[in-house]
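In what follows, a single structure is set out as structure tokens and then discussed.
Chain A is the first sequence line, chain B the second, and so forth, proteins listed ahead of strands; every chain is numbered from 1.
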2 protein chains.
Amino acid sequence: MPKTLAKAPQKSRIQHQNQAVILKAALEVFSAYGYRGTTVDQIAVKAGLSKPNLLYYFKRKEDIYVAVLEHTLEEWLKPLRMLDVGGDPFIELTRYISEKLDMSFANPPASRIFANEILHGAPHIQKFLKGPLRELVEEKVKVIRHWIAAGKIKPIDPPHFIFAIWAVTQHYADFSTQVEAVLGSADGKAQVKLAVAEILLRGLKN
Amino acid sequence: MPKTLAKAPQKSRIQHQNQAVILKAALEVFSAYGYRGTTVDQIAVKAGLSKPNLLYYFKRKEDIYVAVLEHTLEEWLKPLRMLDVGGDPFIELTRYISEKLDMSFANPPASRIFANEILHGAPHIQKFLKGPLRELVEEKVKVIRHWIAAGKIKPIDPPHFIFAIWAVTQHYADFSTQVEAVLGSADGKAQVKLAVAEILLRGLKN
DNA sequence: GTCTATAATATGATAGAC
DNA sequence: GTCTATCATATTATAGAC
């Protein structure tokens, strides 16, 4: 078997695998310590690579960070996209809140790296916020307005209602340290879901 | 006038004034760049002092940070402390939400430095969270339970309701970049207050 | 109390052997 | 593709003159 044919795919596979390992490690470290609080060495150690080897895959520290952010944002929008104007508002919104809470509990680092980025002025994702995110919100604002116009839910300010859902659901990822400190021990997922859904949705019932 | 008597108070006044200037400058810089993203030099420049001179007042960078945090937290709790069990629940809660939003709009850096600290595991304020904050929440949980028992508001999970208020109100400070990017331009304070109060409180009405 | 100068260290990034 | 060694720089912190 000729070397050239055998090696090319193998290299790609290793590359692909290493990139995934790096992104996973980088997410955890960036999320815990912030952009400048993170050293390339920390990421390399967590990924099981040497620092120069890691920098072979991503030339600069910032490149790793941007790759992690983009990878995370892709997942982030999925639940909101699924909000269906044809469905029952309370079922749709309950599902959305439930999925966002699931994400917060399952992957706090993903929420935190995003929170950290915005907290510091979102220098790397301005375009994303003003483009795809804004368009998606505008689309779902229409969905909520439609439900209001159809008399299915009480009138509410749609964009601020979306902000409220984001704020409350992500609170359980970003501020879990505080939640646990104040509660003593964290409540179960099911209890949190019930409480949050009631707080955010009961006021919409006719 | 003897030197010793004249100088001592003068030094204290300068010290006190410089400390205030340093804390104000440090709040802005730490809030914008995070703990490790901030250099002592940045704070010194913003405070109008030389770096060694600043380090004369606070021996280490971490000391400045802790001082800023403690100073900020003091202000932070005041509105919640004022929640009065004897008052009308809707007036009390509307006032609390309104004051928290005022704080978020007036002083985003104060909210952000706190958010950043918790986001990264709250290494410097663990005791505060598990002590004074927890006690205050427990006290106000009782207030809410009292209102529920008296039939003044519908049943709600009190601690998670407090978390929701924190999450939503602080969202307008911590995530203002995102809010403005999504809305195009930020809505007026009055509109935000109305929307938030409705979202959080309407579900409590009997 | 405040400054200049500098020590001590940490870290991003690269060169070059294998 | 991966490693060791190292450069270049940035940054915390201090020493010591004034």
Side-chain angles (χ1 to χ4, degrees), chain A residues 1-30 32-69 120 123-124, chain B residues 2-23 25-26 28-69 120 123-124:
Chain A
M1 199 186 276
K3 270 186 177 179
T4 48
L5 285 178
K7 265 195 175 172
Q10 200 172 5
K11 277 209 276 189
S12 291
R13 201 161 58 234
I14 290 174
Q15 277 197 346
H16 193 266
Q17 193 174 16
N18 275 348
Q19 282 204 2
V21 169
I22 291 168
L23 288 181
K24 184 172 155 52
L27 171 60
E28 290 174 34
V29 183
F30 278 126
Y33 303 104
Y35 178 72
R36 291 202 51 188
T38 294
T39 69
V40 176
D41 219 22
Q42 283 177 294
I43 302 173
V45 167
K46 183 151 280 209
L49 298 171
S50 69
K51 186 162 62 169
N53 193 14
L54 188 155
L55 289 169
Y56 166 79
Y57 290 100
F58 295 91
K59 203 95 187 126
R60 299 178 311 155
K61 177 185 175 182
E62 192 178 358
D63 294 345
I64 312 173
Y65 181 67
V66 171
V68 172
L69 270 183
H120 294 44
H124 300 93
Chain B
K3 271 186 177 179
T4 46
L5 287 177
K7 265 196 176 173
Q10 201 172 4
K11 278 209 276 189
S12 292
R13 203 160 56 234
I14 290 174
Q15 279 197 345
H16 194 267
Q17 195 175 13
N18 274 348
Q19 283 204 1
V21 169
I22 291 168
L23 288 181
E28 291 174 32
V29 183
F30 278 127
S31 156
Y33 304 104
Y35 177 72
R36 291 204 50 188
T38 293
T39 69
V40 176
D41 218 20
Q42 284 176 291
I43 302 173
V45 167
K46 184 153 280 215
L49 298 171
S50 70
K51 186 162 60 173
N53 193 13
L54 189 155
L55 288 168
Y56 166 79
Y57 290 100
F58 295 92
K59 204 96 187 125
R60 300 177 311 154
K61 177 185 174 180
E62 192 178 358
D63 294 344
I64 312 173
Y65 181 68
V66 171
V68 171
L69 270 183
H120 295 48
H124 301 92

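The distance from atom CD of A/Gln19 to atom C1' of D/dG1 is 13 Å, rounded to the nearest whole Å. Here the P atom of nucleotide D/dA15 and the CG atom of B/Leu55 are 12 Å apart, to the nearest Å. Rounded to whole Å, the distance from CG on A/Leu54 to P on C/dT14 is 13 Å. When rounded to the nearest whole Å, the span between CD1 of A/Ile22 and C1' of D/dT2 equals 12 Å. For the pair A/Gln42 CD and C/dA10 P, the computed distance is 13 Å after rounding to whole Å. Here the P atom of nucleotide D/dT4 and the CG atom of A/Asp41 are 12 Å apart, to the nearest Å. Protein atom CG of B/Leu49 is 7 Å distant from nucleotide atom P of C/dC3, rounded to whole Å. As rounded to whole Å, 15 Å separates atom P of D/dT14 from atom CZ of B/Phe58.
Annotation: cation-pi geometry not satisfied between B/Lys51 and B/Tyr56 (NZ/CZ under 6.0 angstrom from ring centroid, within 45° of ring axis). Relative to the six-membered ring of B/Tyr35, B/Lys61 meets both conditions, a distance below 6.0 Å and an angle of at most 45° to the axis.
Checking the phosphate oxygens (OP1, OP2) of C/dT2, a side-chain nitrogen or oxygen of B/Tyr57 falls inside 4.0 Å. A/Tyr56 has a side-chain polar atom (N or O) that falls below the 4.0 Å cut-off from OP1 or OP2 of D/dG1. For B/Ser50 and C/dC3, the shortest distance from a side-chain N or O to OP1 or OP2 is below 4.0 Å. Between B/Asn53 and the phosphate of C/dG1, there is no side-chain N or O to OP1/OP2 separation shorter than 4.0 Å. Using a 4.0 Å cut-off, some side-chain N or O of A/Asn18 falls inside it from OP1 or OP2 of D/dT2. Here B/Thr39 does not reach the OP1 or OP2 of D/dT11: none of its side-chain N or O atoms lies under 4.0 Å away. Side-chain N/O atoms of B/Arg36 include none lying less than 4.0 angstrom from OP1 or OP2 on D/dT12.
Between D/dT12, C/dT4, C/dA13, one nucleotide has an atom nearer to the side chain of B/Val40 than all others, and that is D/dT12. Nearest nucleotide to the side chain of A/Lys51, out of C/dG12, C/dT4, C/dA15: C/dG12. The B/Pro52 side chain lies nearest to C/dA5 when the options are D/dA13, C/dA5, D/dT2.
Note: A/Tyr65 and A/His124 have perpendicular aromatic rings, judged against thresholds of 30 and 60 degrees for the angle between ring planes.
A/Gln42 contributes a side-chain N or O that, together with a main-chain N or O of A/Thr39, makes up a donor-acceptor pair within less than 3.5 Å.
Considering only heavy atoms from C-beta on, B/Tyr57 stays 4.5 Å or farther from B/Asp63 through its side chain.
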